[in-house]
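A short worksheet on the structure shown next.
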Amino acid sequence: MSGPDRQEAAVELMLQFAARTGLTSDRPPRRYLWTDAFAVCNLLGLAHAWGSAPLHDVAVRLVEQVHHVLGRHRPDDPRAGRWISGLSPEAGEAHPTRGGLRIGKPLPERGPDEPFEPDLEWERDGQYYHYLTKWMHALDTLSRVTGERVGNGLARELAAAAHAGFTYAPRPGRASGCTGR
């Protein structure tokens, strides 16, 4: 397969991904933070290689949809539809990453009184630090490509939320550390 054929195949794969996950189709949105971070970077890279404004626009729409889906509580949560940050609807629109982002797994997080079930843990939603860092990178890449600072600002807000959620202050005389959330 030649270079242009490979690029065309890559574009087609990304457009199929966008349709299959509800970004460019009437399907319900299916967002997964890790995959979506790579998709944003792929779309922006392909848009640059092809000089394609439509691919760029798909990347921007993906960022917006991720924030609206994964920046809010799950549909099966009593707080459904509200921003994870607890911000008002208007403030949440301006700062969708301030409370972090869910990763988009099928099961809700284990409640504090629920027993640990090793077979289910991989299917539970929540916030994973390494997923959040991938999304920070995608937002920063978007800022670098567009020249707009908004993505970088959202990445920095997400970094602050991740740091607050995954680190703790050491007790006097003990080393600092981190914890899962």
Side-chain angles (χ1 to χ4, degrees), residues 17 21-23 29-45 59-87 91-146 148-181:
F17 165 82
T21 62
L23 183 63
R30 284 190 8 232
R31 302 281 40 107
Y32 190 67
L33 195 59
W34 184 267
T35 307
D36 290 339
F38 282 97
V40 167
C41 294
N42 286 346
L43 289 162
L44 292 172
V60 170
R61 281 198 320 241
L62 178 54
V63 168
E64 291 169 355
Q65 192 177 84
V66 163
H67 290 162
H68 281 96
V69 172
L70 300 179
R72 297 173 191 254
H73 292 285
R74 298 168 52 90
D76 57 359
D77 187 294
R79 302 163 293 178
R82 296 194 324 221
W83 293 102
I84 292 171
S85 63
L87 293 173
E93 288 291 334
H95 303 280
T97 59
R98 187 160 289 166
L101 297 168
R102 295 184 298 107
I103 62 169
K105 291 231 178 168
L107 296 177
E109 285 184 88
R110 180 171 32 90
D113 297 329
E114 288 182 70
F116 177 78
E117 296 183 41
D119 294 339
L120 294 180
E121 291 306 307
W122 285 106
E123 300 302 319
R124 293 195 184 279
D125 206 0
Q127 295 193 42
Y128 292 11
Y129 192 84
H130 58 295
Y131 282 49
L132 297 175
T133 61
K134 291 292 182 206
W135 192 249
M136 290 174 220
H137 172 74
L139 291 172
D140 186 60
T141 300
L142 180 64
S143 278
R144 291 173 189 271
V145 168
T146 64
E148 297 175 12
R149 301 172 68 107
V150 173
N152 184 267
L154 294 174
R156 287 183 285 122
E157 286 185 355
L158 184 55
H163 180 76
F166 286 90
T167 61
Y168 60 90
R171 292 185 301 202
R174 310 268 329 250
S176 65
C178 63
T179 184
R181 178 164 138 168

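Only this structure's heavy atoms are used, side chains among them; waters, hydrogens and symmetry mates stay out. In this text, all values refer to a predicted model and were calculated from it rather than measured experimentally.
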- Message: If you compare all heavy atoms of Leu139 against all heavy atoms of Gly151, which two are closest, and at what distance to 0.1 Å?
- Response: CB-O, 3.4 Å

- Query: Looking at CG of Leu158 and CG of Leu132, how far apart are the two atoms once the value is rounded to the nearest 0.5 Å?
  - Reply: 5.0 Å

- Query: Can we call the ring centroids of Trp34 and Phe38 under 6.0 Å apart?
  - Reply: yes

- Shortest non-hydrogen contact from Ala37 to Ala138? O-CB, 3.8 Å

- Note on the structure: Applied to residues 97-107, the side-chain hydrogen bond (donor to acceptor under 3.5 Å, both in side chains) test, sequence neighbours excluded, yields His95-Arg98, Arg98-Glu157, Arg102-Asp125

- Do NZ/NE/NH1/NH2 and the carboxylate oxygens of Glu64 and Arg61 come within less than 4.0 Å? no

- Using side chain to side chain contact (heavy atoms under 4.5 Å, CB included) as the criterion, point out the one residue from Arg79, Arg72, His73, Arg74 that pairs with Ile84. His73

- Is there a side chain to side chain contact (heavy atoms under 4.5 Å, CB included) between His68 and Glu93 once you walk through the steps? CA-CA 8 Å; His68 281 96; Glu93 288 291 334; 2.8 Å; yes

- Query: For the ring pair His67 and Trp83, is the centre-to-centre distance below 6.0 Å?
  - Reply: no

- Message: Strictly distance-based, threshold 3.5 Å: is any side-chain N or O of Gln127 a donor or acceptor partner for the main-chain N or O of Phe166?
- Response: no

- Where Phe17 and Arg31 come nearest, the two heavy atoms and their spacing: CZ-NH2, 3.7 Å

- Interatomic spacing from CG in Asp140 to CG in Leu154 - rounded to 0.5 Å: 11.5 Å

- Please report the closest heavy-atom contact between Gln65 and Gly22, naming both atoms and the distance. NE2-O, 3.3 Å

- Task: Drop me the distance from Ile103's CD1 to Glu109's CD, to the nearest 0.5 angstrom.
- Result: 9.0 Å

- Message: Looking at every heavy atom in both Gly99 and Ser85, which two are closest together, and how far apart are they?
- Response: N-CB, 3.5 Å

- For Pro96 and Leu101, work out which heavy atoms get closest and say how close. O-CD2, 4.0 Å

- Message: Using only atom types and a distance under 3.5 Å, with no angle test, would you say the side chain of Asp36 pairs donor to acceptor with the backbone of Tyr32?
- Response: yes

- Would you check if the side chain of Glu117 reaches a backbone N or O of Arg110 as a donor-acceptor pair within less than 3.5 Å? no

- Is there side-chain contact between Val40 and Val63, with heavy atoms separated by less than 4.5 Å? yes

